Amino acid sequence: MKFKKLFISSILGTSLFLGSMGISYGQNLTYTVQSGDVFWKIAQKYNVSTKALMEANNADENTIIYPGQSLIIPSNEKIHIVKPGDTYWIISQKYGVSFKELLKYNGADENTYLDIGQAVKIPSDSQKPYVTYITHTVKNGDDFWKLSLQYGIPMYELLEVNGMDENTWLTIGQKIRIPVHHVPIKPTPANKYGEYLDWWTEAQYVLPIGAKFTLVDFETGKRWNMKRTIGANHADCEPLTKIDAAIMKGVWGGQFSWERRAVIVEYNGRKIAASAASMPHSIQYINDNNFNGHMDVHFANSTRHKDGKIDWEHQKNIKIAAGIK
């Protein structure tokens, strides 16, 4: 095939091309099932819908998967194959996506050349968070709090989507609707920064209660292990061990403090921009870590528990950790 260089500019982009859009999709991946895996967890890990994952594997909600089993991970990435006359501007108009976003998504700029036959990745609506639902059949010992921990969903949300309240009794065999939040990975300005995730629609689902993660001090790069133990307006967290508490104390100059510091949360292969204060207070779940209480980790638009208001110093730090000026 004869290749022709196409100079990309907004001026050339005003020309029209009415040929084939050349749509294709990326190659599927194969995943080996691990102990404890279920379809929705795998779907979240690979940023695909549970429905698409099940369809790709001829499965439904009653299908049981086993450790060692191979599953197909469907690619949700739309690809455009460059045709004569194409420019990034024309492609952005064909797919109804932002010109700047298309360039950024492909690591390109206005001076980047395209080759005929080249594959261009198309950002899609899947880059926005969305919610699907699965069904849980109530077993002996289930209650809404245990289900909220099992599925990483706030208890109030479970009650709301099922039209129930805290006084509702569950019965064995009852069907409960479980939301599954899909939070796509957001780009960052550089590898050292974390994703800028909204607490209410994104971060609280990416880092659910019970998650064990690594906290990295943005300024010094020092890191230690933490667990999100509770928290509704922001994440209440505790160092996992005495060693982790000692490292954290050292970062704050040898004493636990309300001083806010920009931090990065590393969890499940993702890096999230956050801000933390190390002062221990209130409810404690881990009792052998030399840390009497929990400490606060804030994310974009999270609020204080004491008054429900935004702490602007935390929000300033979160933007620093996200590389947002």
Side-chain angles (χ1 to χ4, degrees), residues 39-53 76 97-98 101 104-105 123-134 136 144-145 147-163 176-189 193-211 213 215 228-237 262-276 296-305 307-312 314-324:
F39 275 113
W40 73 268
K41 285 186 177 179
I42 300 171
Q44 280 199 324
K45 184 174 183 179
Y46 286 93
N47 187 28
V48 298
S49 72
T50 304
K51 180 181 179 182
L53 180 62
N76 61 359
V97 300
S98 160
E101 184 180 359
K104 185 177 181 180
Y105 198 62
S124 68
D125 288 340
S126 64
Q127 301 307 304
K128 299 178 181 177
Y130 63 97
V131 183
T132 58
Y133 296 88
I134 59 175
H136 174 87
F144 275 110
W145 174 246
L147 293 179
S148 74
L149 295 179
Q150 179 178 340
Y151 290 102
I153 300 296
M155 192 175 80
Y156 74 86
E157 185 175 342
L158 279 182
L159 293 169
E160 184 175 285
V161 300
N162 287 282
I176 297 297
R177 201 174 186 217
I178 306 291
V180 179
H181 290 258
H182 305 269
V183 182
I185 296 174
K186 289 186 175 179
T188 60
Y193 297 111
E195 297 176 64
Y196 189 70
L197 298 185
D198 177 78
W199 169 252
W200 304 99
T201 60
E202 298 171 317
Q204 68 168 325
Y205 302 110
V206 174
L207 188 74
I209 291 175
F213 60 96
L215 199 61
R228 182 186 168 197
T229 52
I230 200 169
N233 293 23
H234 55 259
D236 292 337
C237 305
V263 293
I264 299 289
V265 169
E266 294 184 352
Y267 177 65
N268 205 20
R270 300 181 71 158
K271 297 169 65 175
I272 312 168
S275 175
D296 300 336
V297 179
H298 279 253
F299 299 85
N301 302 315
S302 62
T303 59
R304 298 183 294 232
H305 285 132
D307 57 10
K309 294 183 179 179
I310 282 182
D311 184 309
W312 293 109
H314 273 310
Q315 295 303 311
K316 180 181 177 182
N317 285 337
I318 294 162
K319 288 187 175 181
I320 291 172
I324 296 174

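Please read all numbers here as calculations on a predicted model, not as lab measurements. All heavy atoms count here, side chains included; hydrogens, waters and symmetry mates do not.
Remark: Pro179 pairs with Val131, Tyr133, Ile153, Glu157, Leu158, Val161, His181 by the side-chain contact (heavy atoms from CB on, under 4.5 Å) rule, at least two apart or across chains. Every residue meeting the side chain to side chain donor-acceptor pair (under 3.5 Å) condition with Ser302, not counting sequence neighbours, appears here in chain and number order: His298. Shown here are the side chain to side chain donor-acceptor pair (under 3.5 Å) partners of Asn162, two or more places apart in sequence or in another chain: there are none. Evaluation of the side-chain contact (heavy atoms from CB on, under 4.5 Å) rule for Lys319 yields Tyr196, Ile324 as partners, not counting sequence neighbours. Under the rule for a side-chain contact (heavy atoms from CB on, under 4.5 Å), the partners of Glu266 that lie at least two apart in sequence or sit in another chain are Thr214, Val216, Arg223, Ile264, Lys271. Partners of Asn233 under the side-chain contact (heavy atoms from CB on, under 4.5 Å) rule, at least two apart in sequence or in another chain, are Trp200, Thr303, His305.
Rounding to the nearest 0.5 Å gives a distance of 10.5 Å between CZ of Phe299 and CD of Gln204. The structure places CD of Gln150 at 7.5 Å from CD1 of Ile178, a figure rounded to the nearest 0.5 Å. Taken from OG in Ser275 to NE2 in His314, the straight-line distance is 4.5 Å, to the nearest 0.5 Å. Leu149 contributes atom CG, which lies 9.0 Å from atom CD1 of Ile230 (distance to the nearest 0.5 angstrom). Annotation: the span from Asn301 atom CG to Gln315 atom CD amounts to 5.5 Å, rounded to 0.5 Å. For the atom pair CZ of Arg304 and CG of Asp311, the computed distance is 5.5 Å after rounding to the nearest 0.5 Å.
Between Gly323 and Pro189, the shortest heavy-atom distance links the atoms O-CG, 3.6 Å. The two atoms that bring Tyr267 and Pro208 nearest to each other are CE2-CD, 4.0 Å, heavy atoms only. Nearest heavy atom pair, residue Val297 against residue Ala274, reads CG1-CB, 3.8 Å. Of all non-hydrogen atoms in Ser148 and Pro154, the two that sit nearest each other are CB-C, 4.1 Å.
For the ring-ring contact (aromatic ring centres under 6.0 Å, His included) with His136, the qualifying choice from Phe144, Trp40, Tyr151 is Tyr151, the only one to do so.
Leu197 has its side chain within reach of Arg270: a pair of non-hydrogen atoms, C-beta onward, lies under 4.5 Å apart. The closest side-chain heavy-atom distance from Ile134 to Phe39 is not below 4.5 Å. Between Ile209 and Thr229, the closest side-chain pair of non-hydrogen atoms is not below 4.5 Å. Two residues are said to be in side-chain contact when any heavy atoms from C-beta on lie closer than 4.5 Å; Pro129 and Tyr205 fail this criterion.
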Please test Glu202 against Glu195 for side chain to side chain contact (heavy atoms under 4.5 Å, CB included), starting from the C-alpha separation and ending with a verdict. CA-CA 10 Å; Glu202 298 171 317; Glu195 297 176 64; over 6 Å; no
